[in-house]
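The next block holds one structure in the form of structure tokens; read it before the comments.
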2 protein chains.
Amino acid sequence: MVSIKDVAQKANVSTATVSRVISKPEAVKEETSKKVLKAIQELNYQPNVLARQLRRLETKTILVIVPDITNTFFSKVLRGIESVAVSNGYKVILGDAGNDVEREEEYLNVLRQKQADGIVMLTARMETGVIEKFSVDYPLVLACEYIEGSTIPTVSIDNVSSARKATEYLIALGHEKIGTITGPLNVVLGKDRLKGYTQAMARHNLSVEPFLVQEGTFTFDSGYNMMMKFLALSNPPTAVFAANDEMAFGAVKAVKSRGLRVPEDVSVIGFDDIEFSAIFEPPLTTISQPTFEIGTKAMELLLKLMNEDEITRNQYILEDSLIERDSCTRNNA
Amino acid sequence: MVSIKDVAQKANVSTATVSRVISKPEAVKEETSKKVLKAIQELNYQPNVLARQLRRLETKTILVIVPDITNTFFSKVLRGIESVAVSNGYKVILGDAGNDVEREEEYLNVLRQKQADGIVMLTARMETGVIEKFSVDYPLVLACEYIEGSTIPTVSIDNVSSARKATEYLIALGHEKIGTITGPLNVVLGKDRLKGYTQAMARHNLSVEPFLVQEGTFTFDSGYNMMMKFLALSNPPTAVFAANDEMAFGAVKAVKSRGLRVPEDVSVIGFDDIEFSAIFEPPLTTISQPTFEIGTKAMELLLKLMNEDEITRNQYILEDSLIERDSCTRNNA
DNA sequence: GAAGTTATTGTAACCGATTACAATCAAAAA
DNA sequence: TTTTTGATTGTAATCGGTTACAATAACTTC
């Protein structure tokens with residue numbers, strides 16, 4: 001292994017000078033610099049980053065935890081994070097929790113052990129106390145998911161109002177019997193999207209009978225199964241709000257499997273606007289989140305946190321938008 | 001920051017003893033161990049992993065480079081890699097190249113700078129010489145993609161024979177005028193899948209006229225566009241082999257946009273069997289790669305490489321399988 | 001009880017960089 | 001020419017662990 005000493009020896013200077021050539025070139029004479037650069041070239045020297053990090057007590061690396069890398073929604077947010085990170089000299093490493101809360105928690109050790117300077121979490125399913133406490137000691141930003149009533153810096157959309165918007169869209173189309181397939185109700189996203197649905201129904205004096213609310217798990221299969229439950233009712237809903245696109249796909253599939261059509265027989269609206277929603281048949285009407293912007297904003301916040309800059313605001317709510325495609329239509333019952 | 005010294009002081013032992021309690025507990029007396037553990041607890045001590053890594057000159061971390069994290073095919077391989085890695089005490093960090101060859105190459109520096117012990121590359125698009133040279137100095141395994149004629153440890157399927165199989169499936173259904181939408185022909189996967197197609201056609205004495213081969217880019221849009229070209233022919237193919245599923249989706253969409261049906265008017269077969277292929281309409285007939293196994297096998301190979309164990313074989317070819325769904329049917333022209 | 005073993009702990013060098021501080025050198029000012 | 005000043009370079013401490021080796025303690029064996 002060729003180290004800084006070898007370079008110093010070859011160039012006939014001290015290791016301090018070599019170090020300076022690399023990280024503060026203006027402090028060394030042109031001539032010396034050349035000598036050193038030549039030695040570096042000839043030896044094909046690459047500094048050992050660990051040593052630098054140890055000495056500087058910083059890694060210029062941030063960690064992003066995603067609940068499930070398989071979900072393309074998160075990869076887009078990741079792209080946003082990355083773009084800001086690299087342009088500020090930070091490396092991004094990715095921790096995939098594989099939908100396992102424990103693994104999510106384990107990743108926090110990466111910070112505790114000084115292998116990253118900050119963290120962006122696209123999930124917040126572990127115990128609230130743990131995160132809160134952690135964020136006191138380490139730079140942490142939540143994105144997409146969040147914790148109710150917490151002051152941890154957070155970037156997301158307003159899920160309640162987005163869900164309300166989606167539901168009101170169906171109401172505006174004349175639907176009255178509207179079902180919802182929720183996400184898991186032990187995570188905020190699930191809860192808030194249900195809340196938005198309930199609010200919309202209430203505002204328009206539509207009754208939310210218990211059987212109109214089915215709890216899913218954000219998966220295709222759960223969407224399929226819950227829709228099957230709706231269809232088994234003697235008087236099924238004419239429209240359904242699914243709390244994410246995967247479940248919406250499942251719901252549509254279920255409708256079709258019964259020989260019915262979307263949107264003619266049942267309107268379905270989703271949430272997230274993942275890649276596939278436009279390709280799906282029918283193209284899915286859904287709520288689009290500004291994924292890339294969520295990522296960039298989150299990373300900008302994290303940078304401030306790591307620099308110990310003043311943060312004027314902790315919660316950033318970005319604008320979503322409703323993408324009208326072909327999975328919803330007027331109620332003609 | 002609480003360091004090993006603080007713990008040593010508090011427990012009234014040397015730092016060496018503390019270190020031993022952590023990494024070689026059997027070498028220290030029960031009583032002392034307890035004292036130290038107590039101090040660790042009380043101070044909430046977490047070892048600085050950088051320091052350990054620097055001293056040991058190993059990171060217990062491997063790097064996985066994916067060409068595009070947005071593609072779910074790769075996330076599945078990643079899961080396989082991960083499962084073997086963590087059960088052997090390795091952390092996995094992910095480098096997303098975002099389809100950019102330069103960034104792919106930059107990630108190699110992570111190894112050169114000693115931030116990871118080994119690397120699995122799910123892409124091999126950079127200059128052959130660079131990879132070859134790199135793999136002499138560092139443990140490297142290729143998975144999915146590969147380099148022709150190279151002896152770098154590689155895990156993949158036999159793309160030529162898989163593509164041949166897919167094409168012969170169409171031939172067996174009575175198709176004679178079969179088109180193919182290839183991947184980019186400057187990457188092996190594109191080339192090999194085309195080769196398989198060509199072989200199949202030749203074996204059955206079917207002529208491959210130039211207009212039957214259209215080069216795509218592995219994207220939905222390119223699949224759509226190339227299919228449009230086919231459909232513009234006075235006598236379009238009755239079946240199409242697309243070199244990956246995304247392009248197959250695009251192709252199907254194009255067929256439908258012309259008011260034609262899949263598979264009745266045109267049969268389409270894909271490659272990869274990504275998540276969405278089963279949901280798509282019609283469910284896509286395609287070649288399924290053993291993604292998880294590719295991942296596990298690759299990681300096992302890498303472990304051997306890092307341990308400098310004997311490697312008996314360098315190329316591992318795993319079995320693919322043809323998944324028959326509903327996008328292909330008998331030629332009834 | 002002395003000698004020989006083994007178990008346990010401490011001392012200090014080491015991993016490979018960075019950087020405060022000191023030393024040296026060259027150019028400008030007196 | 002001497003002094004002052006700023007530019008350039010070197011020396012050595014440091015980051016926080018690990019581990020070879022030495023020292024000491026505890027236990028056997030005769």
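Bear in mind the structure is a predicted one, so any value in this text is a computation, not a measurement. Just so it is clear: chains get the letters A, B, ... in the order the sequence lines come, proteins before strands, and each one is counted from 1.
Of the possible polar contacts, none joining the Asn99(A) side chain to the Asp68(A) backbone as a donor-acceptor pair under 3.5 Å is found.
Atoms CG (Leu54(B)) and P (dT19(D)) sit 12 Å apart, rounded to a whole Å. Going from atom OH of Tyr45(B) over to atom C1' of dG16(D) covers 7 Å, rounded to whole Å. The interatomic distance linking Met1(B) (CE) with dG16(D) (P) rounds to 8 Å, in whole Å. Atom pair Lys5(B):NZ and dG17(D):P shows a separation of 10 Å (rounding to whole Å applied). For the pair Leu43(B) CG and dG16(D) C1', the computed distance is 15 Å after rounding to whole Å. The distance between atom CD of Gln115(A) and atom P of dC15(D), rounded to the nearest whole Å, is 20 Å. Rounded to whole Å, the distance from CZ on Arg52(A) to P on dG16(D) is 18 Å.
Within residues 19-34 of chain B, the residues that have a heavy atom under 4.0 Å from DNA chain C are, in order of number, Arg20(B), Ala27(B), Val28(B), Lys29(B), Thr32(B).
For DNA chain C, the contact window with chain B, defined by any atom under 4.0 Å from a protein heavy atom, covers dT8(C) to dG16(C) in 5' to 3' order.
Atom CD of Glu105(A) sits about 7.0 Å away from atom CD of Glu127(A), to the nearest 0.5 Å.
Using a 4.0 Å heavy-atom cutoff across all strands shown, Val13(A) reaches sugar-phosphate atoms only and no base atom. Counting non-hydrogen atoms under 4.0 angstrom, Leu57(A) reaches the backbone sugars and phosphates but no base.
For the pair Arg103(B) and Tyr107(B), the NZ or CZ position fails the cation-pi test of under 6.0 Å to the six-membered ring centre and within 45 degrees of the ring normal.
Glu300(A) and Lys304(A) are not joined by a salt bridge, as no carboxylate oxygen comes within less than 4.0 angstrom of a charged side-chain nitrogen. Ion pairing of Lys191(B) with Glu148(B) is present here, as a side-chain N (NZ or NE/NH1/NH2) and a carboxylate O approach within less than 4.0 Å. A salt bridge links Asp96(B) to Arg79(A): at least one charged side-chain nitrogen sits closer than 4.0 Å to a carboxylate oxygen.
With no hydrogens or angles considered, no side-chain donor-acceptor pair links Asp117(B) and Tyr138(B) at under 3.5 Å. Residues Glu132(B) and Ser150(B) have side chains that bring a donor and an acceptor to within less than 3.5 angstrom of each other. Residues Thr123(A) and Glu104(A) bring a donor and an acceptor atom of their side chains to less than 3.5 Å of each other.
The phosphate of dT14(D) has neither OP1 nor OP2 within less than 4.0 Å of any side-chain N or O from Arg55(A).
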